[in-house]
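For reference, the structure is listed below as structure tokens.
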Number of protein chains: 2
Amino acid sequence: MTDDGIVRHFFSGFIRLHILYHAAKEPVFGAEITEELIHHGYRLSQGTLYPTLHQLEKLGYLQSQTRVVNGRRRKYYRATASGKRVLNEARGKLHELVAEVLEDHNRDFQTTRRKRHDAGTEPKL
Amino acid sequence: MTDDGIVRHFFSGFIRLHILYHAAKEPVFGAEITEELIHHGYRLSQGTLYPTLHQLEKLGYLQSQTRVVNGRRRKYYRATASGKRVLNEARGKLHELVAEVLEDHNRDFQTTRRKRHDAGTEPKL
DNA sequence: GCTACGATATCGGAAACCGACATCGAGATG
DNA sequence: CATCTCGATGTCGGTTTCCGATATCGTAGC
């Protein structure tokens, strides 16, 4: 099993995007997000989740509204216009990442590294 | 383009995956990675890149080999078996994220109009 | 020697991370 | 109406990460 504590560095951005995405779709609150993320295989402690939400709100990507549901106080977050803009920017990057990492396994390396003039001397390991 | 300085938190994981992916495909060195990432729209300073590479090597995901090319000392990195395992784990998560965030791209603007509808009641999950 | 330059490495203050712990608040119970 | 319950939000502190600026390293050419 891969150690989640270490691998987490790879996924903190993924988690934020999950949050932004859901908040763009409908109002969401903290505990609900935690469950949703667990369902996706992420573990996000409260000590990370809530500061993250506060941060995203402070940055203007989310906006909150407190409601009482079933006798419990919940803070619902939804994405602002600015948050949706970031989400769209992320979609672009996500698309590129997927194109590389998921899709063309068999194709040749076609990025700009060939612009370097030292090609022939690269090691083949 | 939105402010990269703020948005960066979303993408640090993306960057690590780009690195892992390329290192799994062929040996890569720091300065080359920087160019590659710039081409994808990321900005990664040397003060972040090299510690990140050291970290990934220390974790056992990368393994380095120093070579001299065109009179320059380069440290080539390639992914280890463990690194490839993490990469595959990331592929799974990436797939899920894409399924959510990219697939129903068209629906995310109409939700803004629902404001009156769910006032005082529990918003639909 | 020493200079040029590509490439790697470090430093330090600020920010993020996260497990553990603390607090809040509406309803139920009596 | 005091207290308990429990879902939910919030905070703390030590550790790790971030990153611009700066330093160092190493080879070729002189």
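Not measured: the values here are computed from a predicted model.
- At least one side-chain nitrogen or oxygen of A:Lys75 sits closer than 4.0 Å to the OP1 or OP2 atom of D:dG10.
- If you take CG of B:Leu44 and C1' of C:dT8, they are 14 Å apart, rounded to a whole angstrom.
- With sequence neighbours left out, the side chain to side chain contact (heavy atoms under 4.5 Å, CB included) criterion links A:Ala79 to A:Leu20, A:Ala23, A:Ala24, A:Leu62, A:Lys84.
- Once rounded to the nearest 0.5 Å, the distance linking CZ of B:Phe10 with CD1 of A:Ile19 reads 8.5 Å.
- Applying side chain to side chain contact (heavy atoms under 4.5 Å, CB included) to A:Phe29 and the options A:Arg72, A:Arg67, A:Arg74 leaves one that passes, A:Arg74.
- The distance from atom CG of B:Leu53 to atom P of C:dT8 is 8 Å, rounded to the nearest whole Å.
- Proximity of a side-chain donor or acceptor of A:Thr48 to a complementary backbone N or O of A:Leu44 within less than 3.5 Å is not detected.
- A 6.0 Å sphere centred on NE2 of B:His95 holds no more than 12 heavy atoms belonging to other residues, nucleotides or ligands.
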When you compare the protein's N or O atoms with those of nucleotides 10-16 of chain C, which come within less than 3.5 Å of each other, and at what distance?
| residue | atom | partner | partner atom | Å |
| --- | --- | --- | --- | --- |
| C:dA16 | OP1 | A:Gln55 | NE2 | 2.8 |

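- A:His40 is linked by a side chain to side chain contact (heavy atoms under 4.5 Å, CB included) to A:His18, A:Glu36, A:Tyr42, B:Glu96, B:Glu100, counting only residues two or more places apart in sequence or in another chain.
- Between the P atom of D:dT27 and the CG atom of B:Asn70 lies a distance of 13 Å, rounded to the nearest Å.
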Polar pairs (N or O, both sides) under 3.5 Å between protein and nucleotides 24-26 of chain D?
| residue | atom | partner | partner atom | Å |
| --- | --- | --- | --- | --- |
| D:dG26 | N2 | B:Arg72 | NH1 | 3.0 |

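- Counting to the nearest Å, the P atom of C:dT8 and the CD atom of B:Glu35 are 11 Å from each other.
- The side-chain hydrogen bond (donor to acceptor under 3.5 Å, both in side chains) search around A:Ser64 returns A:Glu57, not counting sequence neighbours.
- In this structure, the CZ atom of A:Phe10 is 16 Å from the C1' atom of C:dC17, given to the nearest Å.
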Can B:Leu87 and B:Tyr61 be said to form a side chain to side chain contact (heavy atoms under 4.5 Å, CB included), step by step? CA-CA 9 Å; B:Leu87 181 58; B:Tyr61 299 158; over 6 Å; no

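- Across the protein-nucleic acid pair, B:Arg43 atom CZ and D:dC18 atom C1' stand 13 Å apart, rounded to whole Å.
- C:dG6 atom C1' lies 18 Å from atom CZ of B:Arg67, rounded to whole Å.
- Regarding B:Leu56, its CG atom lies at a distance of 13 Å from the P atom of C:dA9, rounded to whole Å.
- Qualifying side-chain hydrogen bond (donor to acceptor under 3.5 Å, both in side chains) partners for A:Gln63, counting only residues two or more places apart in sequence or in other chains: none.
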